Amino acid sequence: MPQADLGDRTLYYERRGRGRPLLLIQGMAGHHALWGEPLLERLTPDFDVVTYDHRGIGESTDVPGDMSMAELAADAAALLGQLGWDHAHVMGISMGGMVAQELVLAHPSLVRTLVLGCTYAGGPGSTLTAPGPLRIFEGMNTGSDDLAIRAAYEANLSPAFRADESHFAPFKHTSLSVRVPVPVVMRQVQAAFAHATSARLPGVTTPALVLHGTADEMLLYRNGEQIAGLIPNADLHTFDGVGHLFWWERPDETARLLQAHCLTG
């Protein structure tokens with residue numbers, strides 16, 4: 001299993017494709033497999049794609065104590081160093097978008113282009129209040145894996161997408177394919193509540209693309225509008241009627257947007 005040695009910890013990662021380096025940073029309770037084959041298959045002809053698991057997820061080493069987005073960004077920067085990449089195109093979604101914000105703010109030279117999906121800046125104008133997280137925590141509190149997965153499915157994907165029940169089985173299989181300890185997720189939640197970059201994002205000069213679905217019930221769409229307004233010259237692409245996991249619902253469109261943004265940057 002590929003492990004990046006970061007000194008006191010290791011990160012599990014997977015690498016595929018050929019072309020420009022692309023680092024994909026997953027969100028809260030997410031893992032490398034949740035990018036999904038449909039998106040990855042469309043990216044590998046143009047990109048050398050690396051996906052990885054955050055500390056404490058799957059085979060990645062946990063680091064005891066509180067965590068912060070800045071520390072998770074330091075993990076990402078160290079991973080790039082282990083890969084031998086002087087810079088990379090970076091896409092972060094949800095909590096991974098918060099990590100990507102801290103990464104570009106701390107190490108702007110490492111980020112060739114930036115893609116922020118369904119994420120949050122913190123500070124005035126941002127909101128973490130949304131119906132999806134409560135639905136997920138209620139599902140987790142039942143003690144039933146089936147009910148918890150169903151709640152996550154309903155919170156993360158739009159009603160239009162869920163109308164086709166055949167989408168649930170691959171979501172459940174993929175979600176359960178990697179170990180995600182609840183205590184680690186709770187520390188990620190605490191880190192998300194402490195995240196605040198809105199005062200610093202106007203200093204970002206990296207070409208940025210913001211992606212967000214209007215039916216997102218995990219992080220409301222206005223968070224994406226705010227981020228696009230804070231980063232100079234950022235482009236905002238709206239997925240009408242699409243939920244939090246926009247790349248599950250629209251893998252072709254997501255891949256085209258990444259290719260257009262990254263391959264010209």
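A quick note: this is a predicted structure, and the numbers were derived from the prediction, not measured. This chain uses plain numbering: 1 for the first residue, then up along the sequence.
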Approximate separation, where rounding is to 0.5 Å, of [X] [atom1] and [Y] [atom2]:
X    : Y    : atom1 : atom2 : value
S177 : H32  : OG    : NE2   : 6.0 Å
Q26  : L34  : CD    : CG    : 5.0 Å
R20  : Q259 : CZ    : CD    : 11.5 Å
N223 : M218 : CG    : CE    : 12.0 Å
H87  : H107 : NE2   : NE2   : 15.5 Å
D66  : Q190 : CG    : CD    : 5.5 Å

- [ ] Look at the aromatic rings of W248 and F171 and report parallel, tilted or perpendicular, splitting at 30° and 60°.
- [x]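 Judged by the thresholds at 30° and 60°, the geometry between W248 and F171 is perpendicular.
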TODO: Measure up the Y120 and H195 rings against each other and bin them: parallel (under 30°), tilted (30 to 60°), perpendicular (over 60°).
DONE: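 Tilted.
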Check: [Y] main-chain N/O paired with [X] side-chain donor or acceptor under 3.5 Å:
X    : Y    : answer
T142 : G139 : yes
R200 : L105 : no
T174 : A33  : no
S198 : G122 : yes
H261 : P207 : yes
T238 : D240 : no

Nearest heavy-atom neighbours spanning [X] and [Y]:
X    : Y    : answer
P202 : P232 : O-CG, 3.2 Å
I231 : A208 : CG2-CB, 3.9 Å
L103 : A76  : CD2-CB, 4.3 Å
C262 : V115 : SG-CG2, 4.4 Å
P251 : L39  : O-CD1, 3.8 Å
G97  : L116 : O-CD2, 3.5 Å

Should [X] and [Y] count as side-chain neighbours, where that means a heavy-atom distance under 4.5 Å?
X    : Y    : value
M67  : V184 : yes
L83  : R15  : yes
V204 : P108 : no
I136 : I149 : no
W35  : L43  : no
V178 : Y12  : no
L236 : E225 : yes

Is the closest basic N to carboxylate O distance between [X] and [Y] below 4.0 Å?
X    : Y    : value
D145 : R150 : no
D48  : R16  : no
E59  : R179 : no
R9   : D75  : yes

Identify whether [X] and [Y] are in the same connected component of the hydrophobic contact network (ILVMFWY, side-chain heavy atoms under 4.5 Å).
X    : Y    : value
L114 : V99  : yes
I25  : V49  : no
L134 : M95  : no
I227 : V242 : no
M98  : V189 : yes

TODO: Taking the six-membered ring for Trp and the full ring for Phe, Tyr or His, determine whether the centres of H212 and F246 are under 6.0 Å apart.
DONE: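 That pair fails the under 6.0 Å test.
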So, [X] and [Y]: side-chain donor and acceptor under 3.5 Å apart, yes or no?
X    : Y    : result
H244 : D216 : yes
T10  : T61  : yes
T51  : E14  : no
Q226 : S126 : yes
E253 : H237 : yes
Y52  : S60  : no
D146 : S144 : no

- [ ] Decide if atom CG of D8 counts as having more than 12 heavy atoms of other residues, nucleotides or ligands within a radius under 6.0 Å.
- [x]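 Counting neighbours around CG of D8, more than 12 heavy atoms of other residues, nucleotides or ligands fall under 6.0 Å, so yes.
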- [ ] Take L24 and L22 through the test side-chain contact (heavy atoms from CB on, under 4.5 Å) and record every step on the way to the result.
- [x] CA-CA 6 Å; L24 299 179; L22 173 63; 3.9 Å; yes
Donor-acceptor list for residues 154-161 side chains, cut-off 3.5 Å, not counting sequence neighbours:
residue : atom : partner : partner atom : Å
N156    : ND2  : A152    : O            : 2.9
S158    : OG   : F161    : N            : 3.2
S158    : OG   : E249    : OE1          : 2.8
S158    : OG   : E249    : OE2          : 3.3

Open item on the list: What verdict does the side chain to side chain donor-acceptor pair (under 3.5 Å) test give for H31 and D53, after you've listed the backbone C-alpha separation in whole Å, the side-chain angles of each residue and the deciding distance to 0.1 Å?
Closed with: CA-CA 5 Å; H31 53 74; D53 291 333; 5.0 Å; no
Open item on the list: Run the side-chain contact (heavy atoms from CB on, under 4.5 Å) test on W85 and L79 for me, step by step, so that the C-alpha distance in whole Å, both residues' side-chain angles and the decisive distance to 0.1 Å come before the verdict.
Closed with: CA-CA 9 Å; W85 288 353; L79 174 58; over 6 Å; no
TODO: Run the numbers on T119 and Q101 for side-chain contact (heavy atoms from CB on, under 4.5 Å), then give the verdict.
DONE: CA-CA 10 Å; T119 191; Q101 292 168 52; 3.6 Å; yes
Open item on the list: Working note: Q3 + L11, criterion side-chain contact (heavy atoms from CB on, under 4.5 Å); need CA distance, chi angles, decisive distance, verdict.
Closed with: CA-CA 5 Å; Q3 295 277 352; L11 291 182; 5.5 Å; no
